[in-house]
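Only one structure is covered here, and it is reproduced in the block below.
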Amino acid sequence: MATISFTANIQRHVTCPDESVSGGTVAELLEDYFARHPRARGYVLDDQGALRHHMNIYVDGEALRDRVRQSDAVAPDAELHVFQALSGG
């Protein structure tokens, strides 16, 4: 199974424990995760289902290409990392 993890700065706002998830695309992995942690959905995705502008997802070290539908294919043992973009000086 693939694994999904969220950075500590996201976890200050919503509980997102690391977990194993199943699916063939990023969208399917996220749906599996959100079924168990529904509060995380609204923090990661907007009301249209697209990845929020301040969020980034990396699959095995590569940035998510399809931020709207999250259709990027993933291997069964993929590692997803969800980051919140930070700015400031």
Side-chain angles (χ1 to χ4, degrees):
M1 289 184 89
T3 58
I4 187 167
S5 61
F6 295 77
T7 58
N9 63 325
I10 294 172
Q11 299 219 25
R12 288 186 293 150
H13 304 285
V14 63
T15 302
C16 301
D18 296 355
E19 290 207 7
S20 295
V21 289
S22 60
T25 65
V26 172
E28 291 171 354
L29 298 177
L30 289 173
E31 281 304 311
D32 186 30
Y33 188 86
F34 296 149
R36 289 177 260 160
H37 305 282
R39 290 192 63 224
R41 177 188 306 275
Y43 198 81
V44 175
L45 303 177
D46 66 19
D47 58 349
Q48 302 298 310
L51 189 65
R52 290 190 179 276
H53 292 288
H54 68 280
M55 302 300 290
N56 289 306
I57 296 177
Y58 284 78
V59 179
D60 294 330
E62 297 288 325
L64 178 70
R65 291 183 305 269
D66 182 1
R67 294 179 58 88
V68 175
R69 295 186 329 263
Q70 303 92 43
S71 64
D72 298 31
V74 294
D77 61 345
E79 293 183 8
L80 272 73
H81 297 277
V82 183
F83 295 84
Q84 180 177 5
L86 301 175
S87 63

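- In terms of modelled atom types and a separation under 3.5 Å, the side chain of Asp60 and the main chain of Glu79 share a donor-acceptor contact.
- Between Asp32 and Ser22, the shortest heavy-atom contact is OD2-N, 2.8 Å.
- Screening residues 7-21 for salt bridge (charged side-chain N to carboxylate O under 4.0 Å, His left out) gives Glu19-Arg36 as the qualifying pairs, with residues at least two apart or on separate chains.
- Note on Val44: it clusters hydrophobically with Val14, by side-chain heavy-atom contacts below 4.5 Å among ILVMFWY residues.
- A distance-only check finds a donor-acceptor pair linking the side chain of Gln70 to the backbone of Gly49 [under 3.5 Å].
- Of the residues listed (Thr3, Leu29, Leu30, Leu80), the one engaging Val21 in a side chain to side chain contact (heavy atoms under 4.5 Å, CB included) is Leu29, and it is the only one.
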Apply side chain to side chain contact (heavy atoms under 4.5 Å, CB included) to Val82 and Met55, showing your working.
CA-CA 7 Å; Val82 183; Met55 302 300 290; 3.6 Å; yes
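- Connection of Leu45 to Phe83 is not established within any shared hydrophobic cluster, with ILVMFWY side chains joined at heavy-atom distances below 4.5 Å, either directly or through further cluster members.
- A pairwise comparison of heavy atoms in Tyr43 and His54 identifies O-NE2, 4.0 Å as the closest pair.
- Residues forming a salt bridge (charged side-chain N to carboxylate O under 4.0 Å, His left out) with Arg52 (at least two apart in sequence, or on another chain): none.
- Separation of atoms CD1 (Ile4) and NE2 (His81) is listed at 10.0 Å; rounding is to 0.5 Å.
- Taking each heavy atom of Asn9 and His13 in turn, the nearest pair found is O-CD2, 3.2 Å.
- Across Cys16 and Ile10, no two heavy atoms sit closer than the pair SG-CG2, 4.1 Å.
- A ring-centre distance under 6.0 Å is found for Phe6 and Tyr33.
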